[in-house]
Amino acid sequence: MRTILITGAAGFIGSNFVRILLRRGEPVRLIALDKLTYCGNLANLSDLVDNTRLIFIRGDICDAKLLSDLWQQYSIREVVHFAAESHVDRSILDSGPFIQTNVVGTQILLDTARANGIDRYLQISTDEVYGSLPEDRPDIKFTEQTPLAPNSPYSASKAAADCLVRAYFHTFHMPVLITRCSNNYGPYHFPEKMIPLFVTNLLEGKKVPLYGDGLNIRDWLYVEDHCDALWAVLNNGAPGETYNIGGNNEITNRQITELILRALNKSWDESVQYVKDRPGHDRRYAIDASKIHRDLNWTPKHRFEDALKTTIQWYVENEPWWRSIKTGEYLKYYETQYLRR
Ligand code: NAD
Ligand code: DAU
C-alpha cells in the first residue's frame with residue numbers, strides 16, 4: 001500500500017483526484033492536507049469521509065513542524081502538491097497570500113521532503129507560467145521548451161515554485177516531476193471561476209460578467225482527464241521532467257458563454273453583461289500535449305460539449321453545495337470584484 005500526501009485535497013482538482021483514486025480502488029492511503037482557505041471545502045470530500053484509506057488533516061503547507069510530523073507519523077514517500085492560491089483575479093487584488101503559499105509553501109514542502117526522504121514529488125503547475133500566445137498564430141502552442149513568461153502575480157508565483165522544484169532536482173537530485181495543465185472544468189469547481197460562476201449566476205437568475213471583448217481563448221480540459229494524466233505522470237513520469245497537459249480544445253469565452261446559455265435556455269441579451277477587462281488579461285493559451293501522449297500514452301477521453309453538459313447538470317443537481325458557498329466572504333469578494341467595474 002502506497003502512502004501519498006495530497007496537499008490542497010479539499011480544493012477543486014485535489015478533491016476530484018482523491019475521489020477518482022479511491023473509487024477505482026487504487027492501492028493507496030491518502031493523507032489529505034488542506035488549510036481550508038476560502039475555496040477549500042470539506043464538503044468536496046463529504047462522500048468519502050467513511051473511507052478508511054483517506055486521512056484528512058487541516059493544516060498549512062507553510063507549517064514546517066506539521067509537515068515533519070506528518071512524514072514521521074505516516075511514513076510519507078510520495079507527494080502530489082495541489083495546494084495553492086489559484087485565482088488570477090484575487091492575485092491582482094492582493095498578491096501576498098500567493099507568494100506565501102505558492103512560493104514559500106512550496107519551498108517548505110520541498111525542504112521537508114528532502115530532509116525526511118521522498119520517492120516521488122509531483123508539482124501541479126499551470127500553462128499560465130508560459131504567458132500569452134498570439135491569437136493570429138494557431139500553429140504556435142506552449143511546449144515544455146517554451147520559456148517561462150508569467151504575466152499575473154498568480155502565474156509569477158507558480159513559475160517561481162516551478163523554478164524551485166527544478167532547482168531541487170539539479171542541486172539535490174530530488175525525484176521531482178512537474179505538470180503544466182490548461183483550464184479545468186467539472187464538479188466541485190469554486191463558483192468564482194468562469195464556468196461555475198456563469199452557470200450558478202444563470203441558475204440564480206443573474207447576469208454573467210464577460211471580461212473585455214470576450215474573445216480570450218483558453219484550452220479547456222475536463223477535470224477527470226487531468227487527474228488521469230497526473231496519475232500517469234506520478235507512476236511513470238521520468239524524474240526531473242515536465243509534462244504539459246491539455247485538452248486540444250481552444251475556445252473563446254464568448255463561445256463558452258453561448259454554450260452555457262443554450263444549455264440553460266437563456267438568451268444573450270437578457271443574461272450577458274460585458275465588464276471592464278481583467279488587467280494584464282492573457283489573450284490565448286494553447287497546449288501542445290504531444291510529449292505526455294507519446295511518453296505516457298495519455299490522451300483526453302472526454303469531448304468538451306458532452307462534459308460541459310455533464311458539468312452544468314452537476315451544478316443544477318447540487319444547488320445546496322454552491323448556494324452555501326455563495327454567501328458571506330464570497331459576497332464581499334463579488335462586490336469588490338464586479339460592482340464598480
Ligand atoms: P483550488 O483553489 O480549488 O484549491 C486549492 C486548495 O489549496 C484549497 O482547498 C485550499 O484550501 C488549499 N490551500 C490553499 N493554501 C493552502 C496552504 N497554505 N496550505 C494548505 N492548503 C492550502 O485550486 P484548483 O483549481 O483545485 O487548483 C489546484 C492546483 O492546480 C493549483 O496548484 C493550481 O495552480 C493548479 N492548476 C489549476 C488549474 C485549473 O484550471 N483550476 C489548471 C492548471 C493548474
Ligand atoms: O490556465 C490554467 C489556469 O486556469 C489555472 O492555473 C488557474 O488556477 C485557473 O483559475 C484558471 O485561470 P483563468 O484565469 O484562465 O480562469 P478563470 O476561470 O478565472 O477565467 C477564465 C476566462 O474567463 C479568462 O479569460 C477570464 C474570463 N472571465 C473570468 C471570470 C471569473 C470572465 O470573462 N468573467 C469572469 O467573471
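Whatever order the structure lists ligands and atoms in, that order sets their numbers, starting from 1. Start at 1 with the first residue, then count along the sequence.
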Protein contact to atom 3 (O) of ligand 1 [nearest heavy atom, distance to 0.1 Å]:
Phe12 N, 3.0 Å

Residue selection (non-hydrogen contact nearest atom 15 (N) of ligand 1) among Asp127, Thr101, Asp60:
Thr101

Among Phe82, Phe98, Tyr154, closest by any non-hydrogen atom to atom 34 (O) of ligand 1:
Tyr154

Quick check: do Ile61 and Lys35 have side-chain heavy atoms less than 4.5 Å from each other?
no

Closer than 4.0 angstrom, basic N to acidic O: yes or no for Arg284 and Glu135?
no

Can you tell me if Lys309 has over 12 outside heavy atoms packed within less than 6.0 Å of its NZ?
no

Counting non-hydrogen protein atoms only, what is the nearest one to atom 27 (C) of ligand 2? Give residue, atom name and distance.
Asn253 ND2, 3.4 Å

Can you pull out the closest protein heavy atom to atom 8 (O) of ligand 2? Residue, atom name and distance to 0.1 Å, please.
Ser86 O, 2.8 Å

Looking only at protein heavy atoms, what sits closest to atom 26 (O) of ligand 1 is Ile13 N, 2.8 Å

Let me see the working for Asn253 and Tyr211 under side-chain contact (heavy atoms from CB on, under 4.5 Å), right down to the final yes or no.
CA-CA 9 Å; Asn253 294 339; Tyr211 292 170; 5.8 Å; no

Please check if atom CG in Asp136 has more than 12 non-hydrogen atoms from other residues, nucleotides or ligands closer than 6.0 Å.
yes

Could a heavy atom of Cys39 be found less than 4.0 Å from some atom of ligand 1?
yes

Out of curiosity, is Gly59 lining ligand 1, as in a heavy atom under 4.0 Å away?
yes

Looking at Pro209, which atoms of ligand 2 are within less than 4.0 Å of one of its heavy atoms?
32 (C), 33 (O), 34 (N), 35 (C), 36 (O)

Which residue and non-hydrogen atom of the protein lie closest to atom 4 (O) of ligand 1, and at what distance in Å?
Gly11 CA, 3.4 Å

Which residue supplies the protein heavy atom nearest to atom 16 (C) of ligand 1, what is that atom called, and how far is it?
Lys35 CB, 3.8 Å

The atoms of ligand 2 lying under 4.0 Å from a heavy atom of His87, numbered in the order shown, are 19 (O)

protein heavy-atom neighbour closest to atom 11 (C) of ligand 2 works out as Asn183 ND2, 3.4 Å

Flag the pair Asn216 / Asp213 as yes when at least one side-chain heavy-atom distance between them is below 4.5 Å, and no otherwise.
yes

Does an N or O from Asn184, backbone or side chain, lie closer than 3.5 Å to an N or O of ligand 1?
yes

Are any of the N or O atoms of Asn41 closer than 3.5 Å to those of ligand 1?
no

Which residue owns the protein heavy atom closest to atom 33 (O) of ligand 2, what's the atom, and how far is it?
Tyr211 N, 2.9 Å

Working to the nearest 0.5 Å, report the span between CG of Leu221 and OG of Ser182.
5.0 Å

If you scan protein heavy atoms around atom 44 (C) of ligand 1, the nearest is Ser125 O, 3.1 Å

Taking Ala238's backbone N and O only, do any of them form a donor-acceptor pair with Tyr243's side chain (distance below 3.5 Å, no angle check)?
yes

Nearest protein heavy-atom contact for atom 35 (C) of ligand 1: which residue, which atom, what distance?
Ile124 CG2, 4.0 Å

Among all the protein's non-hydrogen atoms, which is closest to atom 9 (O) of ligand 1, and how far away is it?
Asp34 OD2, 2.6 Å

Best match, Phe190, Tyr338, Tyr285, Tyr154: closest heavy atom to atom 5 (C) of ligand 2
Tyr154

What pair of heavy atoms forms the shortest contact from Ile99 to Ser157, and how long is it?
CD1-CB, 4.1 Å

Looking only at distance, does Met194 have an N or O less than 3.5 Å from an N or O of ligand 2?
yes

Can you check side-chain contact (heavy atoms from CB on, under 4.5 Å) on Leu109 and Tyr121, steps first, answer last?
CA-CA 10 Å; Leu109 189 58; Tyr121 173 101; 3.9 Å; yes

Quick one: look up the protein heavy atom nearest atom 2 (C) of ligand 2 and list residue, atom name and how far away it is.
Asp127 OD1, 3.2 Å

Can we say Lys158 and Glu128 salt-bridge, meaning some charged N sits less than 4.0 Å from an Asp/Glu carboxylate O?
no

Under 4.0 Å from one or more heavy atoms of Leu210, ligand 2 contributes atoms 33 (O)

What atoms of ligand 2 come closer than 4.0 angstrom to any heavy atom of Leu197?
36 (O)

Greater than 12 external heavy atoms within 6.0 Å of Arg166's CZ
no

Show your working on side-chain contact (heavy atoms from CB on, under 4.5 Å) between Ile4 and Glu26 and close with a plain yes or no.
CA-CA 12 Å; Ile4 310 177; Glu26 297 290 354; over 6 Å; no

Ala10 near ligand 1, heavy-atom distance under 4.0 Å?
yes

Do any nitrogen or oxygen atoms of Ser182 come within less than 3.5 Å of a nitrogen or oxygen of ligand 2?
no

Output for pair (Cys163 SG, Leu148 CG), nearest 0.5 Å, gives 5.5 Å

Min N/O separation His189 to ligand 1 under 3.5 Å
no

For atom 24 (C) of ligand 2, what's the nearest protein heavy-atom neighbour? Residue, atom name and distance, please.
His281 NE2, 3.4 Å

Under-4.0 Å heavy-atom contact with ligand 2, by part of Ile195 that carries it:
neither

Flag this pair as yes if the NZ/CZ of Arg218 is under 6.0 angstrom from the six-membered ring centre of Tyr185 and inside a 45 degree cone about the axis; otherwise no.
no

Return a yes/no value for Ile61: is any of its N or O atoms, backbone included, closer than 3.5 angstrom to an N or O of ligand 1?
yes

Are side-chain heavy atoms of Tyr168 and Gln107 found at a separation under 4.5 Å?
yes

Determine the sole option in Asp288, Asp127, Asp162 for which the salt bridge (charged side-chain N to carboxylate O under 4.0 Å, His left out) test with Arg180 is passed.
Asp162

Examine the proximity of ligand 2 to Glu192 and report which part, side chain or backbone, both or neither, has a heavy atom under 4.0 Å away.
backbone

Nitrogen or oxygen atoms of Thr126 and ligand 1 under 3.5 Å apart:
no

In this structure, CG of Asn16 is separated from OH of Tyr222 (nearest 0.5 Å) by 7.5 Å

Can you name the closest pair of heavy atoms from Asp225 and Lys301 and give their distance?
OD1-N, 2.9 Å

When you measure from atom 2 (O) of ligand 1 to every protein heavy atom, which one gives the shortest distance, and what is it?
Ser86 OG, 2.7 Å

Non-hydrogen atoms of Pro97 versus ligand 1: any pair closer than 4.0 Å?
no

Tell me, please: is Gln337 in heavy-atom contact with ligand 2, that is, under 4.0 Å?
no

Identity and distance of the protein heavy atom lying nearest atom 12 (O) of ligand 2:
Glu128 OE2, 2.8 Å

Give a yes or no on whether a salt bridge exists between Arg294 and Glu144, defined as a side-chain N under 4.0 angstrom from a carboxylate O.
no

Looking at atom 10 (O) of ligand 2, what's its closest protein heavy atom, distance included?
Lys193 NZ, 3.0 Å

Around atom CG of Asp89, are there more than 12 heavy atoms from other residues, nucleotides or ligands closer than 6.0 Å?
yes

